[in-house]
Q: 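Just passing along the structure, written as structure tokens.
Both backbone and side-chain heavy atoms feed into the values below; hydrogens, waters and symmetry mates do not. All chains are named by letter (A, B, ...) in the order of the sequence lines, taking the proteins before the strands, and each is independently numbered beginning at 1.
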Number of protein chains: 2
Amino acid sequence: MEKVKKRSDCPISCSLDVLGDKWSLLIVRDLLEKQQSTYGDFLKAEEKIATNILATRLQMLEENGIISKLDHPESKAKVLYKLTKKGIDLLPIIVEFGFWADKYYTIDKGKKAALREIKKDKETFIKTTIQDLKKGLEKG
Amino acid sequence: MEKVKKRSDCPISCSLDVLGDKWSLLIVRDLLEKQQSTYGDFLKAEEKIATNILATRLQMLEENGIISKLDHPESKAKVLYKLTKKGIDLLPIIVEFGFWADKYYTIDKGKKAALREIKKDKETFIKTTIQDLKKGLEKG
DNA sequence: CTTTGCACTTGCAAAATGAAAGTAAAATTA
DNA sequence: TAATTTTACTTTCATTTTGCAAGTGCAAAG
């Protein structure tokens, strides 16, 4: 449990010092879905983040203990990014974002179906997914 | 259910076109907590948003159907901002932000206690709060 | 009828963004 | 082994956004 830097008390304020940015949240979402990504994977993502912005966001998320940089097992030229426990615990927020978007916007069928499944037993899904992701941390 | 504008499918992307900004989320949070606010109320908030930024964010949130501008019952000089149903449905996201911040940052005792209460029966809290807020819409 | 309060708008310097090109090390290919 | 490609960034620079301060215009209060 770190101490908050700037703002003293309001929960959402201190979260948003780190996460109040589209790109940060998209990086987190990608990592929740894929467990790990390389720099190039992020660049290839649908949302087309600029490379300099990606670099600063990755650095910022790492400094704030949300992601960590690891050696790629297959190549020294590659870097693996993974969520830390703190980052994994953002899953409920991302899930709720998904439900909300599903209700008010048009999203693709695959995502819609996935969300419908999750909705059937949200708490269990979140619990087991977080567990799995945190297990993945110990090994890799 | 509106159609998404820019991005076609990914749930979080389309949410973040509207919400991927610290100030937008803080405005939503304020309105969830206080039901309604004037322009001045937002300015007085702890986070110290600049007045021009506040104006553009309010306009943007209104254009996206998340808040609505109403006449103040007591004065023509004042304006009341309230969440729409779409805006009220953001409550789960804000609540999850709160839990996450509570876990990883230092937040004040009052907020901490409130979150602890909510945690005891999160689903009921969210359901009844959303109900209350939506009732408030019909009247006011 | 002047002053105060309220909801903005405007102007401007500073910072952040985004597109494109560049760099350096590692891996692959010739 | 040399040349090329891949990978993860960094740099540059024009454009956009931010943040601060001051201003505007209408409503209400004194």
Q: What is the distance, to the nearest angstrom, from the NZ atom on K76(B) to the C1' atom on dC26(D)?
A: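 That distance rounds to 11 Å.
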
Q: What is the separation between atom NZ on K22(A) and atom C1' on dA16(C), rounded to the nearest whole Å?
A: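 Distance, rounded to whole Å: 14 Å.
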
Q: Using heavy-atom distances to pick each residue's nearest nucleotide on DNA chain C, tell me which of Q59(B) and N52(A) is more 5'.
A: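 Its nearest nucleotide lies further toward 5', so the answer is Q59(B).
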
Q: Using whole Å, what does the distance between atom C1' of nucleotide dT17(C) and atom CZ of R57(A) come to?
A: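 Rounded to the whole Å, the gap is 9 Å.
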
Q: Distance check needed: dA16(C) C1' versus D17(A) CG, whole Å only.
A: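 Distance, rounded to whole Å: 16 Å.
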
Q: Using atom CG of D21(A) as one end and atom C1' of dA15(C) as the other, report the distance to the nearest whole Å.
A: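 Value for this atom pair: 14 Å.
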
Q: Ion pair present between E138(A) and K135(A), side-chain N to carboxylate O less than 4.0 angstrom?
A: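 Between K135(A) and E138(A) there is no salt bridge, as every charged N stays at least 4.0 Å from the carboxylate O atoms.
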
Q: In plain terms, say whether K111(B) and E33(B) are close enough for a salt bridge, that is, a side-chain N and a carboxylate O under 4.0 Å apart.
A: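 Looking at K111(B) and E33(B), the cut-off is met.
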
Q: Mapping S75(A) and A77(B) to their closest nucleotides on DNA chain C, which lands nearer the 5' end?
A: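 Result of the comparison: A77(B).
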
Q: Salt bridge or not for R57(B) and E62(B), using N-O below 4.0 Å?
A: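 No salt bridge links R57(B) with E62(B).
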
Q: I'd like to know whether L54(B) forms a side-chain contact (heavy atoms from CB on, under 4.5 Å) with I27(B), so could you lay out the CA-CA distance, the side-chain angles of the two residues, the decisive distance to 0.1 Å, and finally the verdict.
A: CA-CA 9 Å; L54(B) 176 58; I27(B) 290 168; 3.8 Å; yes

Q: For I49(B) and dC8(C), what is the distance between atoms CD1 and C1' respectively, to the nearest whole Å?
A: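 Atom-to-atom, I49(B) to dC8(C), this comes out as 13 Å.
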
Q: So, are K22(B) and D21(A) salt-bridged, with charged N and O less than 4.0 Å apart?
A: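 Result for this pair is no, no salt bridge flagged.
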
Q: Restricting to non-hydrogen atoms, name the atom on G65(B) and the atom on T84(B) that form the minimum distance, rounded to 0.1 Å.
A: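 Heavy atoms only, the tightest pair is O-OG1, 2.6 Å.
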
Q: Does the side chain of D132(A) pick up a donor-acceptor pair with the side chain of T129(A) at under 3.5 Å?
A: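 There is no such pair between these side chains.
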
Q: Out of I67(B), L31(B), L133(B), L137(B), which one pairs with K82(B) under the side chain to side chain contact (heavy atoms under 4.5 Å, CB included) rule?
A: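 For K82(B), the side chain to side chain contact (heavy atoms under 4.5 Å, CB included) test succeeds with only one of I67(B), L31(B), L133(B), L137(B), which is L137(B).
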
Q: Can we say D121(A) and K127(A) salt-bridge, meaning some charged N sits less than 4.0 Å from an Asp/Glu carboxylate O?
A: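 Here D121(A) does not pair with K127(A) in a salt bridge, since their nearest N and O are not under 4.0 Å apart.
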
Q: Does a side-chain N or O from W23(A) land closer than 4.0 Å to OP1 or OP2 of dT17(C), or not?
A: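 No, outside the criterion.
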
Q: Less than 4.0 angstrom between a side-chain N/O of T51(A) and OP1 or OP2 of dC9(D), yes or no?
A: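 Checking T51(A) against dC9(D): no side-chain N or O falls below 4.0 Å of OP1 or OP2.
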
Q: OP1 or OP2 of dC8(C) less than 4.0 angstrom from a side-chain nitrogen or oxygen of Y81(B), does that happen here?
A: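 So the side chain of Y81(B) is within the cut-off, an N or O lying under 4.0 Å from OP1 or OP2 of dC8(C).
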
Q: Can you measure D71(A) atom CG to dT7(D) atom P for me and round it to whole angstrom units?
A: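 Computing the D71(A):CG to dT7(D):P distance gives 17 Å.
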
Q: Take the C1' atoms of the five end pairs on each side of the helix from dC1(C)-dG30(D) to dA30(C)-dT1(D), derive the two axes, and give their angle rounded to 10 degrees.
A: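 Result, rounded to 10 degrees: 10°.
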
Q: Check every strand shown and say whether K69(B) touches a base, only sugar-phosphate, or nothing at a heavy-atom separation below 4.0 Å.
A: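 Counting heavy atoms under 4.0 Å across all strands, the contact made by K69(B) is with sugar-phosphate only.
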
Q: Salt-bridged, D30(A) to K44(A), with N to O below 4.0 Å?
A: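 Not counted as a salt bridge, because no side-chain N and carboxylate O are separated by less than 4.0 Å.
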
Q: Using whole Å, what does the distance between atom P of nucleotide dT17(C) and atom CG of L54(A) come to?
A: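 The answer, rounded to whole Å, is 13 Å.
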
Q: Considering only side-chain heavy atoms of I53(B), which listed nucleotide, dT18(D), dA8(D), dC6(C), is closest?
A: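 Ranking dT18(D), dA8(D), dC6(C) by closest atom to the I53(B) side chain puts dT18(D) first.
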
Q: Could you check which residues of residues 34-43 of chain A get a heavy atom under 4.0 Å from DNA chain C? Sort them by number, please.
A: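 Listed by number, there are none.
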
